[in-house]
Amino acid sequence: MLKQPVELQPSRSGFGARLSARTKKAESISSSGKFVSALLVLLLVYLWYASNRGIQLYDEGVLCTGAETVLRGGLPYRDFWTAYGPGQYYLLAGLFKLFGTTLLVARVYTIFVEWIVTILAYSIGRKLTGSLGGLVSSVTVAVWLNLDRSVLYPMVPALLFVLAGYLLLSYSSSNPKLIVVAGLLVGCAVLVRHDLGVYAFAGQIVLIAIDRLFGDPLSGKRASSRFATTIKRVVALSIGTAAVVLPVSFAFFRAVPRTLLYEAFIDFPFRIYPQFRSLPFSMQQISFSGSGGFRNLLGQLDGEFLHLLVLLLPLLSFFLVWILIVIRRLKKNPPLRGYSLAAGLALFGFGLYYSVRVRPDHLHMVAPMAIFLILFPWLIQATRALVVSRSVPLSLRLILVFCVAYLSLIGLTQKLRTIHDRAWIEIAGVERAKGILIREKEETSGLAETIRYIQQRTSPDQSIYVGNRRHDLILRNNALLYFLSDRAPATRYSDLSPGVATTARVQSEIINDLKSHTVEYIVLCSMPLPNEPNKSSVSSGVTVLDDFIQTNYQPVAEFGEYSILRRLELVADRRPGSAAFQQRTLACKGDIVSDFPYVTTANTRPKSHLL
């Protein structure tokens with residue numbers, strides 16, 4: 001008699017029987033279409049509330065400025081430097097074309113993508129463990145996505161395409177048409193984040209082939225026949241992926257110089273990024289002394305526990321998925337429900353973990369954690385396969401439940417603080433930032449005044465340059481200023497990445513761009529200086545761009561953290577004592593607030609050189 005996939009049931013006596021009855025009742029409620037629809041709408045409201053608060057000068061700015069360049073007819077890699085795939089830029093450019101070029105459109109897009117991911121989490125969770133497991137997955141994924149959101153982060157839309165492909169294959173991994181469509185979705189993921197697309201392709205091959213790899217007797221076929229069937233399905237997946245990736249790749253190979261593609265896809269991710277962006281894969285040192293006493297110590301321990309949890313929990317859970325599947329296979333027990341889908345997701349999770357190995361902070365762990373949370377209900381059920389002793393599976397389930405509850409509590413607590421936080425105001429007079437709120441103290445940073453000054457003195461077809469006060473030492477830059485001021489960057493390097501913009505070759509290229517475009521105005525921003533344990537914290541010693549700016553541009557206005565400089569030959573009177581030289585609008589210089597854990601805001605270069 002052939003073995004069918006089974007779902008293990010709890011004990012029918014005592015506490016197990018009562019728990020089983022309650023689980024059945026919860027499952028019945030969670031199966032209601034109205035209940036599920038209401039919960040998903042509630043999750044949309046949860047994700048949307050307060051999503052218009054704050055601005056991200058670098059991450060959001062890089063994507064918005066790049067998308068607007070695409071909208072103007074530019075090409076990624078050729079017309080602006082980027083380390084991301086082209087897909088996100090074209091998606092965002094299309095939305096700007098349809099709904100207007102504003103930050104609010106970008107926020108709506110971000111929330112919509114996150115919401116679709118939660119719906120896919122529910123659908124996949126339901127395939128794995130039933131309606132109740134699907135609801136648990138969707139709720140926890142929504143809380144996690146909202147916990148440390150980075151607007152327009154390309155990993156999230158790439159994750160959407162990947163999960164949609166897995167969902168299709170979960171319905172039928174033997175239907176050639178569904179396999180081709182899943183391949184098309186993997187191709188879309190490749191265009192947004194090429195590394196995620198590669199890992200998804202590998203994971204979906206495992207999903208398709210695992211029955212054959214394990215020699216499942218359900219097939220009733222000889223090994224050679226099973227292998228041939230598997231090859232056909234892998235070919236179908238490859239055809240779907242190639243149908244999206246190859247035409248786009250061919251178009252870029254024709255339009256973009258090979259050297260630029262090499263820099264974006266080979267040199268930067270494999271050589272520069274690990275040297276200049278890496279963070280240690282360890283807990284930070286806990287200080288047992290200093291102000292705050294015992295409460296301060298508890299706060300440190302709580303933060304380090306969260307850091308350790310986010311770092312290790314997904315990886316351990318992916319190993320556990322495969323251990324449980326192999327154990328059941330070795331014991332020749334019937335396979336668990338959804339085991340092939342779980343195995344494919346876990347393999348994809350390993351790929352995600354490899355992808356974030358260089359910079360494993362909370363932001364970059366968003367996708368591995370989402371995969372873990374989708375697999376979490378399946379793990380709770382599957383741990384019953386460990387029959388070494390009754391305490392082992394129970395302990396594992398309690399640990400998993402505690403960790404997920406802790407993460408969810410952190411997210412919900414942060415959301416409650418957001419609800420009660422009313423210290424937000426609109427960015428006055430900036431058309432593209434309508435509907436976006438910033439903190440009151442940030443109003444004095446001079447952003448709005450700088451944008452108005454640039455818009456009043458330049459035409460929309462004029463380009464500008466937005467840089468840092470130092471270009472030999474860079475953590476990030478204010479790429480959003482281009483977008484908010486509706487002025488195109490004068491150079492390919494609107495994204496000033498350490499290891500790239502700190503080199504003599506790139507700074508010389510920027511200088512040539514400033515000359516060829518006869519750039520009239522430059523904006524220099526006081527951005528946090530890096531203090532991370534990598535090469536970004538070491539000055540490159542290259543000051544050719546700073547020296548060129550100091551020699552050829554003169555300060556004409558200052559607003560908070562922003563200094564505006566004008567080309568010398570265009571200044572009416574260049575004498576040091578003249579009114580033109582001293583014309584500045586001074587504003588209170590607010591503190592630089594950074595969300596980076598390794599940041600110092602001190603500028604060590606003399607002020608005369610900074611200007």
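Note that the structure is predicted; figures quoted are calculated from it, not measured.
Cys525 SG to Leu447 CG: the interatomic distance, rounded to the nearest 0.5 Å, is 8.5 Å. One distance of note links CD1 of Ile451 with CZ of Arg487; it measures 10.5 Å at 0.5 Å rounding. In this structure, the separation between CD on Gln88 and CE on Met155 is 12.0 Å, given to the nearest 0.5 Å. Within the model, atoms OG of Ser249 and CZ of Arg254 stand 14.0 Å from one another, a figure rounded to the nearest 0.5 Å. Summarising the geometry, atom CG belonging to Leu473 is positioned 5.5 Å from atom CG belonging to Leu529; distances are rounded to the nearest 0.5 Å. Interatomic distance, Leu480 CG to Ser485 OG, rounded to the nearest 0.5 Å: 9.0 Å.
For the residue pair Ser355 and Arg193, the shortest heavy atom distance occurs at OG-NH2, 3.4 Å. Scanning all heavy atoms of the two residues, the minimum distance from Thr551 to Leu568 falls at O-CD1, 2.9 Å. Minimum interatomic distance between Gly429 and Arg452 (heavy atoms only, all atoms of both residues): CA-NH1, 4.0 Å. Arg476 approaches Pro528 most closely through the heavy-atom pair NH2-CG, 3.7 Å.
Side chains of Thr518 and Arg567: a donor-acceptor N/O pair is absent below 3.5 angstrom, by distance only. In this model, a donor atom of one side chain and an acceptor atom of the other lie less than 3.5 Å apart for Asp461 and Ser459. Side-chain contact, Thr543 with Asp472: no donor N or O sits under 3.5 Å from an acceptor N or O.
Lys535 places none of its side-chain heavy atoms less than 4.5 Å from the side chain of Pro498. You'll find the side chain of Leu159 reaches within 4.5 Å of the side chain of Ile371, heavy atoms only. Using a 4.5 Å heavy-atom cutoff, the side chains of Leu514 and Asn552 are not in contact. Residues Val542 and Thr503 have side chains not in contact (no heavy-atom distance under 4.5 Å, counting atoms from C-beta outward). Two residues are said to be in side-chain contact when any heavy atoms from C-beta on lie closer than 4.5 Å; Phe276 and Glu532 fail this criterion. Side-chain contact between Tyr58 and Asp495 is present, with heavy atoms from C-beta onward closer than 4.5 Å. Contact check for Val143 versus Leu147: no side-chain heavy atoms found under the 4.5 Å cut-off. Using a 4.5 Å cut-off on side-chain heavy atoms (C-beta onward), Thr110 and Ser51 make no contact.
Scanning for salt bridge (Lys or Arg N to Asp or Glu O under 4.0 Å) contacts around Glu114 gives Arg149, with sequence neighbours left out. Residues satisfying the ring-ring contact (aromatic ring centres under 6.0 Å, His included) test with Tyr521, not counting sequence neighbours, are none. Under the rule for a salt bridge (Lys or Arg N to Asp or Glu O under 4.0 Å), Arg53 has no partner lying at least two apart in sequence or in another chain. Scanning for side chain to side chain contact (heavy atoms under 4.5 Å, CB included) contacts around Val108 gives Trp48, with sequence neighbours left out. Under the rule for a ring-ring contact (aromatic ring centres under 6.0 Å, His included), Phe548 has no partner lying at least two apart in sequence or in another chain. Take Phe483 and apply the ring-ring contact (aromatic ring centres under 6.0 Å, His included) test, not counting sequence neighbours, and it matches Phe96. Remark: Phe252 pairs with Tyr77 by the ring-ring contact (aromatic ring centres under 6.0 Å, His included) rule, at least two apart or across chains. The side chain to side chain contact (heavy atoms under 4.5 Å, CB included) test applied to Asp513 returns Thr491, Glu509, Ser516, His517, not counting sequence neighbours. Take Ala106 and apply the side chain to side chain contact (heavy atoms under 4.5 Å, CB included) test, not counting sequence neighbours, and it matches Cys64, Leu92, Leu152. Scanning for side chain to side chain contact (heavy atoms under 4.5 Å, CB included) contacts around Leu95 gives Phe99, Val105, Tyr109, with sequence neighbours left out. Judged as a salt bridge (Lys or Arg N to Asp or Glu O under 4.0 Å), and not counting sequence neighbours, Lys515 has no contacts.
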side-chain contact (heavy atoms from CB on, under 4.5 Å) between Tyr465 and Leu545: does it pass, once the steps are laid out? CA-CA 12 Å; Tyr465 175 71; Leu545 179 56; 3.6 Å; yes

Residues Val244, Val190; criterion side-chain contact (heavy atoms from CB on, under 4.5 Å); working and verdict: CA-CA 9 Å; Val244 175; Val190 170; over 6 Å; no

Apply side-chain contact (heavy atoms from CB on, under 4.5 Å) to the pair Leu481 and Leu57, showing each step before the final yes or no. CA-CA 8 Å; Leu481 189 59; Leu57 300 178; over 6 Å; no

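Other residues, nucleotides and ligands contribute over 12 non-hydrogen atoms within 6.0 Å of the CZ atom of Phe265. The number of heavy-atom neighbours closer than 6.0 Å to OH of Tyr90, taken from other residues, nucleotides and ligands shown, is above 12.
A distance-only check finds a donor-acceptor pair linking the side chain of Arg357 to the backbone of Tyr354 [under 3.5 Å]. At distances below 3.5 Å, not a single donor-acceptor pair connects side-chain atoms of Asp59 with backbone N or O atoms of Ser150. A donor-acceptor distance shorter than 3.5 angstrom exists from the side chain of Ser508 to the backbone of Ala504, with no hydrogens or angles considered. No donor-acceptor pair under 3.5 Å is formed between the side chain of Asn534 and the backbone N or O of Pro274. In this structure a side-chain-to-backbone donor-acceptor pair under 3.5 Å is missing from Arg78 to Pro257. Between the side chain of Asn52 and the backbone N or O of Leu437 there is no donor-acceptor pair closer than 3.5 Å. A donor-acceptor contact shorter than 3.5 Å is absent between the side chain of Thr502 and the backbone of Ser540. At distances below 3.5 Å, not a single donor-acceptor pair connects side-chain atoms of Gln275 with backbone N or O atoms of Gly499. Using modelled atom types, no side-chain atom of Asn468 and backbone atom of His471 make a donor-acceptor pair closer than 3.5 Å.
A salt bridge does not link Glu426 with Lys434: every distance from a Lys NZ or Arg NE/NH1/NH2 to an Asp or Glu carboxylate oxygen is 4.0 Å or more.
A tilted orientation is assigned to the rings of Tyr84 and Tyr89, their planes being inclined by 30° to 60°.
Stacking of Lys415 on the aromatic ring of Tyr46 is recorded, both the 6.0 Å distance cut-off and the 45° axial limit being met. Annotation: cation-pi pair Arg258/Tyr262 absent, no NZ/CZ under 6.0 Å from the ring centroid and within 45° of its normal.
Aromatic pair Phe268/Tyr273: centroids less than 6.0 angstrom apart.
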Would you give me the side-chain donor-acceptor pairs under 3.5 Å for residues 65-76, sequence neighbours excluded?
| from | atom 1 | to | atom 2 | distance (Å) |
| --- | --- | --- | --- | --- |
| Thr65 | OG1 | Gly61 | O | 2.8 |
| Thr65 | OG1 | Ala479 | O | 2.9 |
| Glu68 | OE1 | Arg432 | NH1 | 2.9 |
| Glu68 | OE2 | Arg72 | NH2 | 3.3 |
| Glu68 | OE2 | Arg432 | NH1 | 2.8 |
| Glu68 | OE2 | Arg432 | NH2 | 2.7 |
| Thr69 | OG1 | Thr65 | O | 2.9 |

